[in-house]
Amino acid sequence: MTKDFLRDLNPAQLEAVKFIEGPELVLAGAGSGKTKVLTYRVAYLVSAGVSLHNILCLTFTNKAANEMRTRINKMLGIEETNKRTFNTWIGTFHSLFGKILRVESKNIGYGQNFSIYDEDDSLKKVREILKERNLAEEVYAPAAIRSRISKLKNAVILPSQFEQTAKSRLDEVTADIYTTYEDRLKKNNSMDFDDLLIKPILLFNRNRESLERYQDRFRFILVDEYQDTNRAQYVLLKLLSEKHRNLCVVGDDAQSIYSWRGAELQNILDFQSDYPDCKVFRLEQNYRSTGKILKAANSLIVHNKRKLDKELWTENLDGDNLTVIEAESDRDEGYKIVQKIRNESVKEKLQLKDFVVLFRTNYQSRALEEAFNRGGIPYLIIGGLAFYKRKEIKDLLAYLRLVVNQLDDESFMRVVNSPPRGVGDVTIDYLRNFATESNIALFNAADRVDEIPEIQPRQKGQLKLFSELIKKYVRLKDELSVSELTRSMTDELQFIRLLKDEGTPEARNRMENIQEFLAGIAEFQSDNPQGTLQDFLSEVTLVADVDRWDTQRNAVTLMTVHAAKGLEFPVVFVSGLEEGLFPLPAKEQNELEEERRLFYVAITRAKRKVYLSHARERYRFGKLSYQTQSRFLSEIESDLLELERSSRQAPQHTLWEDTNIVTSLTPSLDYLDSPLAKESDRQTEIKERRSIPKLRIGSIVRHEFFGEGKVIEVSGKGDNERVIVLFGANQKKQLMLRYANLTLVR
DNA sequence: TTAATTTGCACCTAC
DNA sequence: TGCAAATTAA
């Protein structure tokens with residue numbers, strides 16, 4: 001095995017890669033080649049004779065895992081004939097330990113076909129228990145209780161332990177709900193996300209033999225983004241590495257941004273005292289950003305007290321100052337960002353996918369989206385309404401989950417009356433009472449509905465039909481492929497027909513989502529010919545929004561700062577730099593420091609240029625609120641900032657009637673070949689005020705991004721007048737004349 | 001007893 | 001603004 005690849009590394013990276021035996025901490029600043037060290041280290045281990053089979057590599061997202069797997073395979077000359085053939089143990093904590101739990105389920109008293117509950121599911125469960133206890137939701141907010149339970153689990157505190165230390169009434173209630181919640185989940189043969197971490201700990205503590213098996217299996221453990229691990233993950237790593245002690249963790253304390261979900265910065269700060277014989281490496285040379293971007297980031301982060309000593313430096317050119325954009329309103333902010341992207345993409349010869357717009361909270365994406373729609377610039381939103389959280393998708397998933405696991409009451413509740421079957425709250429109550437008394441699952445109660453006298457004949461019939469339907473697919477499960485089963489079920493339930501009948505734009509959108517979902521299943525099937533329905537469901541439940549990101553598409557990316565972790569872009573816009581938004585209101589110093597680290601992460605995503613924008617007023621809770629600029633802006637060394645104040649604001653338009661004009665789903669590769677907008681901002685504004693051409697079917701028009709096309713439909717009057725234009729062979733776009741800037745060619 | 005409508009409240013971030 | 005629970009109509 002040749003080790004030529006080691007030449008690509010700088011001395012610090014090389015040392016970190018070549019250190020094999022014993023615990024290792026790599027403190028790696030932003031853009032210092034963290035991922036590179038991890039991948040090279042795996043390749044190096046293999047070249048030194050370690051079997052891939054003995055390596056466990058934990059990443060923060062599935063996307064990072066896939067990229068790493070591809071890179072390692074490439075370096076080792078492994079052909080990727082089938083994605084799954086070289087299924088090395090690279091993945092997120094949740095997905096890998098989820099897999100282990102499937103194998104070990106009997107050892108912890110679970111069925112192998114357990115469901116995985118997402119946050120929504122567990123919140124519903126908490127609500128249900130509160131209701132049973134007659135506890136008012138106003139006093140005990142279900143979301144707060146759920147979050148407390150989650151935090152306890154992440155901290156590896158069991159119900160019995162918490163009960164003993166309960167100090168307040170709220171603690172007592174939490175302990176009570178927590179106990180019942182655990183009990184209920186087990187009865188449902190279901191686990192929540194936190195269980196995927198805490199259950200393996202329980203397993204390993206109880207079952208030494210199984211622990212040793214995994215210790216010997218994973219003789220080398222590598223962990224990315226160690227600064228964002230929580231207590232449960234820490235314990236898991238400690239258990240697994242105890243025997244061979246080959247634990248290599250990589251992280252950057254300055255980028256710890258997940259304390260709200262239990263991440264403990266202390267894990268990385270304490271690594272040296274936890275593993276006294278550990279070797280520490282520092283990667284401080286940044287390869288990503290310009291000198292000024294890095295300086296700005298450094299000048300910001302010195303305001304934090306709680307951190308390890310480390311100063312990033314770079315040999316890269318100084319580059320431009322960071323530009324501060326002042327906007328009048330959230331609308332205006334979006335407008336100015338779009339104009340900037342329009343100009344910069346031409347001036348700097350950049351593609352749209354070189355730009356990212358970051359924001360602190362998902363709701364900010366709406367105003368931005370509107371601006372991109374209006375400007376006709378293709379964009380992609382990561383997060384927001386996560387695909388798998390959409391109602392229609394969750395419904396379909398619940399049906400599938402019920403087919404796999406009939407004990408899953410949450411899924412039963414979700415779909416028993418959707419599409420409507422005339423089974424309402426009252427009937428469900430009777431059913432639930434019966435289920436509780438007989439100590440059986442809701443599905444089994446539905447099967448024995450004849451034993452429940454209170455339920456009306458009509459409802460009885462419906463419940464029987466429902467139960468038969470599910471049972472039919474339980475039987476078919478082993479005969480049909482995942483894709484066939486889902487398709488046939490969707491057809492039988494008439495999901496698509498019912499939506500078609502609605503005829504509203506929202507229904508159309510839902511239909512498209514279902515189509516996309518079916519296509520997704522087909523893709524899963526071809527990637528995993530052996531994959532079961534259960535495999536599909538676990539995978540789907542554990543994907544993050546970033547995982548679904550199509551990086552090939554040439555479009556501007558819009559996402560939260562959290563989602564941008566680990567990514568890089570030539571040009572980064574950080575929007576909404578206002579007090580109370582970024583930073584969000586912080587109760588304690590710790591929280592403020594995390595906000596600051598979050599801003600640090602945002603800035604350090606950029607290779608060439610950073611824009612920082614804030615608005616004077618912004619809609620929050622549907623009301624206009626006045627905003628002041630973020631303190632973070634004044635914390636950056638002032639001579640690195642450049643103010644751009646433009647008096648020109650977003651043109652005043654009425655609201656869009658149809659937000660579906662150029663949606664995020666619009667394929668936008670054609671943008672590449674079409675002439676770019678050459679006009680300056682000023683001209684654009686004049687253009688928008690220009691009279692709108694009279695168009696008929698058959699008219700040939702020119703759009704600044706899509707090029708020339710033929711009008712195939714005209715509808716609406718006045719401001720609402722819109723056209724459907726066919727660009728190229730099959731690019732149909734619906735455009736609103738008022739905003740589309742079409743010129744009549746003939 | 002269910003479906004449709006109104007009102008009431010929420011906006012952090014995510015595996 | 002936009003969705004989920006409470007209220008009212010059917």
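Residue numbers begin at 1 in each chain, while the letters A, B, ... track the order of the sequences.
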Nucleotide nearest [X] when distance is taken to its side chain, options [options]:
X	options	value
A:Arg366	B:dT1, C:dT1, B:dA14	C:dT1
A:Arg127	B:dT1, B:dA14, C:dA5	C:dA5
A:Thr92	B:dA14, B:dA10, B:dC15	B:dC15
A:Tyr363	B:dT1, B:dT13, B:dC11	B:dC11

Determine: side-chain N/O of [X] to OP1/OP2 of [N], distance under 4.0 Å, yes or no.
X	N	result
A:Thr560	B:dA14	yes
A:Thr541	B:dC15	no
A:Asn362	B:dA14	yes
A:Lys391	C:dC3	no

Q | Centroid separation A:Phe466 to A:Phe412 less than 6.0 Å | A |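 Ring-ring flag for A:Phe466/A:Phe412: true, centres closer than 6.0 Å.
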Q | Near-ring test A:Phe60/A:Tyr258, centroid separation under 6.0 angstrom | A |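 Yes: the rings meet the under 6.0 Å criterion.
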Within the 4.0 Å heavy-atom criterion, would you say [X] contacts the bases, only the backbone, or no part of the nucleic acid?
X	result
A:Val423	sugar-phosphate
A:Phe582	nothing
A:Thr61	nothing
A:Asp425	sugar-phosphate

Measure from [atom1] on [X] to [atom2] on [N] and round the result to the nearest Å.
X	N	atom1	atom2	answer
A:Arg360	B:dA14	CZ	P	9 Å
A:Lys151	B:dC15	NZ	P	17 Å
A:Tyr258	B:dT13	OH	C1'	7 Å
A:Glu369	C:dT1	CD	C1'	14 Å
A:Trp260	B:dA14	CH2	P	6 Å
A:Glu119	B:dA14	CD	P	10 Å
A:Lys565	B:dA14	NZ	C1'	11 Å
A:Arg261	B:dC12	CZ	C1'	14 Å

**Q.** Given A:Lys389, A:Arg146, A:Arg401, the one that forms salt bridge (charged side-chain N to carboxylate O under 4.0 Å, His left out) with A:Asp121
**A.**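 Among A:Lys389, A:Arg146, A:Arg401, the one that satisfies the salt bridge (charged side-chain N to carboxylate O under 4.0 Å, His left out) with A:Asp121 is A:Arg401.
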**Q.** Whole-angstrom distance between B:dT13 and C:dA4, as gauged at atom P
**A.**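 That atom pair is separated by 15 Å.
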Q. If each of A:Asn417 and A:Asn62 is mapped to the nucleotide of DNA chain B with the nearest heavy atom, which maps nearer the 5' terminus, i.e. the 5' end?
A.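 In this pair, the answer is A:Asn417.
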Q. If each of A:Phe93 and A:Leu581 is mapped to the nucleotide of DNA chain B with the nearest heavy atom, which maps nearer the 5' terminus, i.e. the 5' end?
A.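 That would be A:Leu581.
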Q. What orientation do A:Phe536 and A:Phe517 show, parallel under 30°, tilted 30 to 60°, or perpendicular over 60°?
A.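 Judged by the thresholds at 30° and 60°, the geometry between A:Phe536 and A:Phe517 is perpendicular.
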Q) Is A:Asp330 paired with A:Arg366 through a side-chain N to carboxylate O contact shorter than 4.0 Å? A)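 Answer for the salt bridge query: no.
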**Q.** More than 12 heavy atoms of other groups within 6.0 Å of A:Asp425 CG
**A.**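 Not buried by this count: 12 neighbours or fewer within 6.0 Å.
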Q. Is A:Phe621 stacked on the base of C:dT1, with ring centres under 5.5 Å apart and planes under 30° apart?
A.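 So no, this residue does not stack on that base, at least one cut-off failing.
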